[in-house]
**Student:** 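Just dropping this structure here.
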Amino acid sequence: MHEAPNSLSDYRKQIDSALQDDFLRRTLDTFAVAYRANRETIFKEVDERALINQIAESRDKACQRMEELFIQFREKAEKLGVKVHRAATADEANEIIARIARENNVKRVVKSKSMTAEETQLNERLLKDNLIVDETDLGEWIIQLRHEGPSHMVMPAIHLSRYQVADDFTKVTGTKQDTDIQKLVKVARVQLRRKFIAGDMGVSGCNFAIAESGTCTIVTNEGNARMVTTLPRVHVVIAGLDKLTPTLEEALTALLVLPRNATGQRLTTYVSFIHGAGECQASPNGKKTLHIVFVDNGRTEIARDPLFSQVFRCVRCGACANVCPVFRLVGGHKMGYIYIGAIGLILTYFFHGKDIAKVLCQNCVGCEACKNVCAGGIDLPRLIREIRSRLNDELGNDTQAALLGSVMKSRKLFHSLLKFAKYAQKPFTGGTQFQRHLPAIFLGKHGFKALPAIASESFRDRWESIKPIVPNPTQTVAIFSGCAQDFVYPEELEACVKVLGANNVAVEFPFDQTCCGLPLEMMGQRKTSQDVAEQNVRAFAAGKYDAIITLCASCASHLKHNYPNLLEGRPQVLAAAKAFAEKVTDFSSYVHDVLKLGPDNFRNSGEKVTYHASCHLCRGLGVKEAPRALIASAATYVPCEEEEVCCGFGGTYSAKFPEISAQLLEKKLLNVSATGASRLVVDCPGCVMQLKGGVEKQKLGVKVTHISELLAENLKR
């Protein structure tokens, strides 16, 4: 039922299959657009950031008190006639529940949706005892009929059409079913009602286990969970230890975010509080037999991990999948194992093992959309990178990644190879900015865009001739070039220098700088990533700069947020790393917020210009207004649909998963073309590479430039 790819090539075949599913693509595409709009609207009623911070603080404290809360919950619940169990492993949890079924002469089990039961694969264990096990959540029942796992933590059957469901219902009822959704729901209602009545034991999940009262809380949009928890004479709750919550108030706070984040609802339809064993006429003593099974399965180990303990902030809302551009294309069966989305890539490693996680964890483009909406403020992209690093240590390095790491560790070797490539490419470029004549055998799945050429002269080689002379500067800044702009798009940096110099800013360029190291971090090459970070910090340490300007959003986010974390274990350079990070500023923010440049400083060309918001700028750095205001100062700004959705580059991701990168690019270019703009402006050279390559390949006739070039062209003299 649950399958994980054994190799990257196997995974690519699965991805190709998903990409050919037109219904899946349309459904997830429609949902993604509607979800973002609904979520934005519903969160306007509350202070989103304050609530998320409150949940994060509450869950972090609960994580550190896990043992204490378990003891408190058990004492309270047992006074109410509840039998509380604790299972060290998934198998032990299953055995406890199987034993409860035997001791109570259970023949039929009805289940309410539970991700923890999916985690332990409870159904398979109960079936071994010849029990009849029926899922009763509508989506879960549908996928049970199909022998599939859920494709989403909240909407498990989102990947299916009504025609597929009608066929499945036809098989189970023996009667041809109509494809009308309301009629299908009525069929399900009739079928499930029989199961509720016949059930001997109900098994449910638990959203919050409130320690102060021994109460279990279940949140659903269907009434089926209440049928499962009330009708059968035996009820078993299965919950991870991470569901322990100190107080009712903290649970209610989380409920302000959970439905908003999961489905864009203000409130969920049903919130059930189970406080002790209720009455049940089917039981000999008139009381229901109630068991609560808490599952560890590595949770206490995770709680002790200072970095990964934050995963227990997760409220299982599924929002990280809802906004994921990869999930939007391939669905949950290819974007997880049992747990889906970004959180699923992490939990798979801990709950189901490194062998299952090793391929899946690579399928993250690093766009940070998940982190931006997480109800608990979990730094999901960082944790995924950490998983990759650990897997490299535990299972060995990927040969290509290790080779690239050894090259990038030496700045001189890395730059020498780039300069060599400048000459080696000449037969393929025809003197253009693209590899026009590269044999198709070298392109493979990368033929969806024109590949860039190395510039004839790097920025560092141009520096002495373009360095501005500023006699009495108001500020002195240093340029962090990044490898793409230094060696592929030096004109972008040259435009930046022109804008800064014209506004009385002295500019320096430390020559010992190298690649920011983000590609290494994305590939799990942690040691080399740290070495490169240290090299860059030392390269800038001697200068007295008011700011360190970079025109690459990915570089800026990495330098500013990741360098202090990466170098935490190197005290000899940590203080310098923190000082370095504090000075890092993206180009648009510096020009707009520090220099205060606006309409008075630029000639408005009237050119129709649209914009793509680079992921690490709009989310990683939270910069939204500055680039749009600057574009409007120098041209006619034309907004684009889904401006802040990933273009599919993702650095090394585009190289590893070109089939997904191509689809993300296609969607982006369709939206760009719909604006009627003659120019597309971005704030990151990686995005320029992706979008410019796509425009060139499709001959769209749209000029793609960095925002620095637009501003430099329209500076008032």
**Student:** With a 6.0 Å cut-off on the ring centroids, do Phe350 and Phe308 count as close?
**Tutor:**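 Yes, close enough.
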
**Student:** Ring-plane angle category for Tyr339 and His352, please: parallel below 30°, perpendicular beyond 60°, tilted otherwise.
**Tutor:**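 Rings of Tyr339 and His352: tilted, as their planes differ by 30° to 60°.
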
**Student:** Give a yes or no answer on whether the side chain of Arg59 reaches the backbone of Val311 with a donor-acceptor pair at less than 3.5 Å.
**Tutor:**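 Not at all, since once roles are kept as given, no pair shorter than 3.5 Å links the two residues.
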
**Student:** Residues in side chain to side chain donor-acceptor pair (under 3.5 Å) with Arg679, at least two apart?
**Tutor:**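 Per chain and number, Arg679 pairs via side chain to side chain donor-acceptor pair (under 3.5 Å) with Glu607, Thr705, Glu713.
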
**Student:** Are a donor atom and an acceptor atom from the side chains of Tyr270 and Asn221 found within less than 3.5 Å of each other?
**Tutor:** no

**Student:** Do Arg316 and Asn207 get their side chains close enough for a donor-acceptor pair, meaning under 3.5 Å?
**Tutor:**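 Side chains of Arg316 and Asn207: no pair found under 3.5 Å.
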
**Student:** Can you tell me how far CG of Leu383 sits from CG of Leu345, rounded to the nearest 0.5 angstrom?
**Tutor:**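 The CG atom of Leu345 sits 11.0 Å away from the CG atom of Leu383.
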
**Student:** Measure from the side-chain N and O atoms of Lys668 to the backbone N and O of Val645, and report whether any donor-acceptor pair falls under 3.5 Å.
**Tutor:** yes

**Student:** Where is the tightest heavy-atom contact between Leu360 and Lys334, given as atom of each residue plus distance?
**Tutor:**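 Result for this residue pair: CD2-O, 4.4 Å.
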
**Student:** If you look at every heavy atom in Ala188 and Leu138, which pair is closest and at what distance?
**Tutor:** CB-CD1, 3.5 Å

**Student:** Please tell me if the side chains of Gln663 and Leu19 come closer than 4.5 Å, counting only heavy atoms from C-beta onward.
**Tutor:**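 Yes - at least one pair of side-chain heavy atoms lies under 4.5 Å apart.
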
**Student:** Checking Thr173 against Gln191 for the side-chain contact (heavy atoms from CB on, under 4.5 Å) test, could you report, in this order, the C-alpha distance in whole Å, the side-chain angles of both residues, the deciding distance, and whether it holds?
**Tutor:** CA-CA 8 Å; Thr173 62; Gln191 294 295 317; 3.6 Å; yes

**Student:** Apply the side chain to side chain contact (heavy atoms under 4.5 Å, CB included) test between Cys314 and each candidate in Leu380, Asp242, Ile378; give the one that qualifies.
**Tutor:**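 Among Leu380, Asp242, Ile378, the one that satisfies the side chain to side chain contact (heavy atoms under 4.5 Å, CB included) with Cys314 is Ile378.
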
**Student:** Taking only residues two or more places apart in sequence or in another chain, which ones pass side chain to side chain donor-acceptor pair (under 3.5 Å) with Asp16?
**Tutor:**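 Partners of Asp16 by the side chain to side chain donor-acceptor pair (under 3.5 Å) criterion, ordered by chain and then number, come out as Lys445.
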
**Student:** Regarding Glu118 and Asn123, do their side chains bring together a donor and an acceptor under 3.5 Å, going by distance alone?
**Tutor:** no

**Student:** Name the one of Val702, Val672, Leu700, Val704 that satisfies side chain to side chain contact (heavy atoms under 4.5 Å, CB included) with Leu691?
**Tutor:**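 Output: one option passes, namely Val704.
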
**Student:** Do Glu222 and Asn224 have side-chain N/O donor and acceptor atoms under 3.5 Å apart?
**Tutor:**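 Yes, a side-chain donor-acceptor pair sits under 3.5 Å.
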
**Student:** What I want to check is whether the side chains of Ser554 and His616 have a donor and an acceptor closer together than 3.5 Å.
**Tutor:**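 Note: Ser554 and His616 side chains meet the donor-acceptor criterion.
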
**Student:** Determine, for Arg313 against Asp60, whether the closest basic-nitrogen to carboxylate-oxygen distance falls under 4.0 angstrom.
**Tutor:**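 Asp60 and Arg313: salt-bridged.
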
**Student:** Between the side chains of Gln177 and Lys183, does any donor sit under 3.5 Å from an acceptor?
**Tutor:**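 No.
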
**Student:** Classify the ring geometry between Tyr637 and Tyr611 as parallel (under 30°), tilted (30 to 60°) or perpendicular (over 60°).
**Tutor:**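 If you compare the ring of Tyr637 with that of Tyr611, the planes turn out perpendicular.
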
**Student:** Do Met155 and Phe31 touch side chain to side chain, with heavy atoms closer than 4.5 Å?
**Tutor:**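 Heavy-atom side-chain distance check passes, below 4.5 Å.
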
**Student:** Under the 3.5 angstrom rule, does the side chain of Lys113 hit a backbone N or O of Met153 as a donor-acceptor pair?
**Tutor:** yes

**Student:** Hey, mind stepping through Leu252 and Leu255 against side-chain contact (heavy atoms from CB on, under 4.5 Å) and telling me if it holds?
**Tutor:** CA-CA 5 Å; Leu252 293 176; Leu255 283 172; 4.0 Å; yes

**Student:** When you check the side-chain N and O atoms of Gln20 and Arg25, is any donor under 3.5 Å from an acceptor?
**Tutor:** no

**Student:** Can a donor-acceptor pair be found between the side chains of His159 and Glu148 at a distance below 3.5 Å?
**Tutor:**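 Present: a donor and an acceptor within the cut-off.
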
**Student:** Distance-only, no hydrogens or angles: does the Arg628 side chain make a donor-acceptor pair with backbone N or O of Lys624 under 3.5 Å?
**Tutor:**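 Yes; judged by distance alone, with no hydrogens or angles, the pair exists.
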
**Student:** Is Arg162 reaching over with its side chain to a backbone N or O of Thr179, donor-acceptor style, under 3.5 angstrom?
**Tutor:** yes

**Student:** Assess the side chains of Gln690 and Ser661: does a donor N or O sit below 3.5 Å from an acceptor N or O?
**Tutor:** yes

**Student:** Determine which pairs satisfy side-chain hydrogen bond (donor to acceptor under 3.5 Å, both in side chains) with at least one residue from residues 369-380, sequence neighbours left out, and list them in order.
**Tutor:**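 Matches after skipping sequence neighbours: none remain.
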
**Student:** Pairing donors with acceptors under 3.5 angstrom, does anything connect the side chains of Asp683 and Ser588?
**Tutor:** yes

**Student:** Main chain of Arg388, side chain of Tyr349: is a donor-acceptor contact present, judged purely on distance under 3.5 Å?
**Tutor:**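 No, Tyr349 side chain to Arg388 backbone: no donor-acceptor pair under 3.5 Å.
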
**Student:** Any chance the side chains of Ser654 and Lys449 put a donor and an acceptor closer than 3.5 Å?
**Tutor:**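 Yes - a donor-acceptor pair under 3.5 Å links their side chains.
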
**Student:** What is the minimum heavy-atom distance between Leu24 and Val330, and which atoms define it?
**Tutor:** CD2-O, 3.6 Å

**Student:** So does Thr229 get a backbone contact from the side chain of Ser204, meaning a donor-acceptor N/O pair under 3.5 Å?
**Tutor:**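 Answer holds: no.
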
**Student:** Ignoring hydrogens, what is the shortest heavy-atom contact between Gln310 and Gly377? Give both atom names and the distance.
**Tutor:** OE1-O, 4.3 Å

**Student:** Hey, are the side chains of Val623 and Pro627 touching, using non-hydrogen atoms and a 4.5 Å cut-off?
**Tutor:**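 In short, these two side chains touch, coming nearer than 4.5 Å.
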
**Student:** Before giving the answer on side-chain contact (heavy atoms from CB on, under 4.5 Å), spell out for Gln121 and Ile338 the whole-Å C-alpha distance, their side-chain angles and the decisive distance to 0.1 Å.
**Tutor:** CA-CA 9 Å; Gln121 300 186 45; Ile338 287 175; 3.8 Å; yes

**Student:** Closest approach of Gly318 and His152, non-hydrogen atoms and distance?
**Tutor:** O-NE2, 3.6 Å

**Student:** Are Gln54 and Glu250 linked by a side-chain donor-acceptor pair shorter than 3.5 Å?
**Tutor:** no

**Student:** Does the side chain of Asn322 pick up a donor-acceptor pair with the side chain of Arg328 at under 3.5 Å?
**Tutor:**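 The answer is no; no qualifying pair exists.
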
**Student:** Going by heavy atoms in the side chains, are Tyr11 and Phe657 under 4.5 Å from each other?
**Tutor:** yes

**Student:** Between Leu184 and Asp178, is a side-chain contact (heavy atoms from CB on, under 4.5 Å) present by the stated rule, with each step listed?
**Tutor:** CA-CA 7 Å; Leu184 290 173; Asp178 196 293; over 6 Å; no

**Student:** Quick one about Asp586 and Ser589 (side-chain donor to acceptor, distance below 3.5 Å, no hydrogens or angles considered), yes or no?
**Tutor:** yes

**Student:** Do Thr636 and Val609 have side chains that approach each other closer than 4.5 Å (heavy atoms only, starting at C-beta)?
**Tutor:** no

